[in-house]
Amino acid sequence: MALQLPVYLDHNATTPVDERVFEGMRPFFCSNFGNAASRFYDLAEEARKAVQQARERVAGLLHATSGDEIVWTSGATEADNLALKGVAEAYKEKGKHIITQVTEHKAVLDACKWLKRQGFEITFLPVDGAGLVTAEQVEEAIGGGTILVSIMWANNETGTIQPVREIGEICRRKGVLFHTDATQAVGHIPVDVEGDFIDLLSFSGHKFYGPKGCGGLYIRKRPRVRLSAQLHGGGHERGYRSGTLNVPGIVGVGLAAEIAGREMEGEMERTGRLRDRLQDQILSRLKFVSVNGHVERRLPHVANLSFAYTEGESILLGLAGDGIAASSASACTSESLEPSHVLRGMGVAVELAHCSVRFSLGRWTSEEQIDYVTNCVEKRINRLRELSPLYEMAMEGIDLKSINWTGH
Amino acid sequence: MSYSKELMDHYNNPRNVGSMDKADANVGTGVVGAPECGDVMKLQIRVDAEGKIVDAKFKTFGCGSAIASSSLATEWVKGRTMEEALEIKNTEIAKELALPPVKMHCSVLAEEAIRKAIEDLKRKKRVASSQ
């Protein structure tokens with residue numbers, strides 16, 4: 001098969017809309033354009049039915065009992081905010097303690113920080129070197145006033161998968177609500193809200209070949225989870241989230257969910273094999289490369305690597321020149337010039353955090369592309385190491401930690 | 001962010017990459033930044049008997065802006081006296097490369113690297129002449 005350029009290995013950032021999904025969405029823009037909340041005429045009924053079908057499809061992917069447990073939002077960030085703030089407000093008479101962990105997405109962390117400013121107590125559990133929290137840590141942290149535990153399913157930077165079921169079991173036993181930001185897991189690995197004791201779950205369409213701007217929050221019906229709405233208005237989504245439904249978006253997410261469920265097993269195997277190929281080839285051809293995150297408990301399509309002595313943005317710039325898209329958690333790639341809180345939380349040395357590159361494969365990533373990327377990475381890293389004073393010092397046997405750097 | 005043509009040129013074709021002998025009496029070395037910051041620049045200059053900079057080399061660990069800033073710095077110091085090289089301002093480097101505002105500190109670091117290299121050389125000359 002011929003090499004297809006450019007090569008997109010940033011699927012954790014976003015995914016292209018699958019053509020099948022796009023075709024399914026198309027009628028709902030110009031011809032089947034009804035408002036799902038309208039009544040009596042055909043257009044309204046068509047919209048209502050399409051949304052209902054999408055609900056069932058997403059519920060199917062999550063193994064939820066009913067499509068009515070899906071509340072549509074503009075995406076996972078909104079779903080996270082709704083879950084955290086909604087539960088905090090609804091249960092604040094019962095308690096004001098919330099437990100989460102340090103490598104969560106900013107949507108969860110910043111919502112928690114806001115809640116802290118409103119008088120809630122937040123525990124940010126530390127993670128181990130692979131980015132994992134343990135169920136025991138969660139159990140120990142739960143106290144009389146704990147109303148919510150929020151632990152992500154799979155990390156967006158490293159792909160590390162948390163022990164969600166074990167944590168869910170403990171929360172169920174202790175009568176504490178369990179929310180998981182499953183944005184990177186849904187559509188990629190099996191997610192079972194019943195079997196894994198989940199009460200609230202955030203997801204986003206554009207992470208599994210659906211459109212951007214549409215996602216949702218799964219909210220358990222039995223036992224019932226109470227939630228204070230964050231968006232007030234027409235009372236849509238059983239009052240949980242007012243606002244006219246994005247019908248084409250929702251149709252797209254539903255279709256994407258159905259396709260993802262059907263193709264999941266095959267995709268896990270295929271991308272896992274390609275990811276391992278990429279990682280193994282790179283590790284065998286370059287020295288001083290380390291893997292960030294858990295090497296086994298990891299999303300099959302993600303490889304987060306640190307290339308010592310070469311800075312992340314400079315690597316990405318070179319790869320972009322080769323037609324390859326990837327991302328990095330280095331300070332230089334962030335607007336704030338701070339290196340990744342995820343890698344830092346895992347205890348990855350700052351200088352290595354600056355050298356990280358995240359490769360996230362997808363549905364159309366081919367073996368030819370993986371081999372092309374391997375060659376480009378090898379070439380770029382070698383070239384950058386020739387430019388690197390740190391590499392030069394390390395090869396001379398100088399201990400970089402012993403140097404009195406000026407900093408700035 | 002999308003970088004300027006000039007910046008990408010320096011990134012893709014960096015000028016004067018390499019190292020000089022630190023112990024050489026006519027070589028000044030400036031190392032600035034820190035690995036924890038994600039930016040380390042090593043800039044070296046060689047002067048002739050009249051104190052004119054006849055050669056310069058650099059090595060940089062950092063983003064595209066850092067690499068381009070230090071590459072440009074080595075280009076600019078060549079042919080100048082040490083006093084003239086000290087006049088190079090970070091704002092000039094930033095303007096030439098059209099550095100995005102968030103990358104201004106890379107040009108500051110490059111200016112500092114020039115200064116430290118010259119300081120190093122002057123210190124060596126003082127020590128040599130006092131012996």
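In what follows, every chain begins at residue 1, and chains take the letters A, B, ... in the order their sequences are listed.
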Novice: Stepwise, does the side chain to side chain contact (heavy atoms under 4.5 Å, CB included) test hold for A/Glu392 with B/Ser19?
Specialist: CA-CA 9 Å; A/Glu392 186 182 56; B/Ser19 290; 2.3 Å; yes
Novice: Around atom NZ of B/Lys122, are there more than 12 heavy atoms from other residues, nucleotides or ligands closer than 6.0 Å?
Specialist: yes
Novice: Start with the C-alpha gap between A/Glu313 and B/Lys103, add the side-chain angles, then the distance that decides, and say whether salt bridge (charged side-chain N to carboxylate O under 4.0 Å, His left out) holds.
Specialist: CA-CA 12 Å; A/Glu313 199 239 49; B/Lys103 295 291 185 179; 3.5 Å; yes
Novice: Might you point out which heavy atoms bring A/Val350 and B/Glu36 nearest each other, and give the distance in Å?
Specialist: CG1-O, 3.1 Å
Novice: Using modelled atom types and a 3.5 Å cut-off, is there a donor and acceptor pairing between side-chain atoms of B/Tyr3 and backbone atoms of A/Leu317?
Specialist: no
Novice: Select, from B/Gly62, B/Gly18, B/Gly64, B/Ser71, the one with the greatest count of heavy-atom pairs under 4.5 Å involving chain A.
Specialist: B/Gly62
Novice: Would you mind checking which part of B/Val32 comes under 4.5 Å of any heavy atom in chain A, side chain (CB onward), backbone (N, CA, C, O), both or neither?
Specialist: both
Novice: Heavy atoms only, distances under 4.5 angstrom: which of A/Gly318, A/Ser314, A/Cys355 has the most pairs with chain B? Name it, please.
Specialist: A/Ser314
Novice: Can you name the nearest heavy-atom pair linking B/Lys116 to A/Thr406, along with the distance?
Specialist: NZ-CG2, 3.2 Å
Novice: Counting heavy atoms not belonging to B/Lys22, are there more than 12 under 6.0 Å from its NZ?
Specialist: no
Novice: Could you check B/Ile67 against A/Leu387 for side chain to side chain contact (heavy atoms under 4.5 Å, CB included), going step by step and ending with a plain yes or no?
Specialist: CA-CA 9 Å; B/Ile67 292 170; A/Leu387 245 70; 3.6 Å; yes
Novice: Heavy-atom pairs under 4.5 Å with chain B are the metric here; pick the option from A/Leu352, A/Leu390, A/Leu316 that has the most.
Specialist: A/Leu390
Novice: Answer with side chain, backbone, both or neither: which region of A/Thr310 has an atom nearer than 4.5 Å to a non-hydrogen atom of chain B?
Specialist: backbone
Novice: Counting neighbours of CG on B/Asn13 that are heavy atoms of other residues, nucleotides or ligands and sit closer than 6.0 Å, is the number greater than 12?
Specialist: yes
Novice: Is it true that, when you exclude B/Lys52 itself, more than 12 heavy atoms of the residues, nucleotides or ligands shown sit nearer than 6.0 Å to its NZ?
Specialist: no
Novice: Hey, is CZ on A/Phe124 packed in by over 12 heavy atoms from elsewhere, all under 6.0 Å?
Specialist: yes
Novice: If you count heavy-atom pairs within less than 4.5 Å of chain A, which of B/Pro14, B/Ala66, B/Pro35 leads?
Specialist: B/Pro35
Novice: Is A/Glu386 close to chain B through its backbone or its side chain, or both, or neither, when contacts mean heavy atoms under 4.5 Å?
Specialist: backbone
Novice: Could you pull out the closest heavy-atom pair between B/Phe61 and A/Pro389, with the gap in Å?
Specialist: N-CD, 3.4 Å
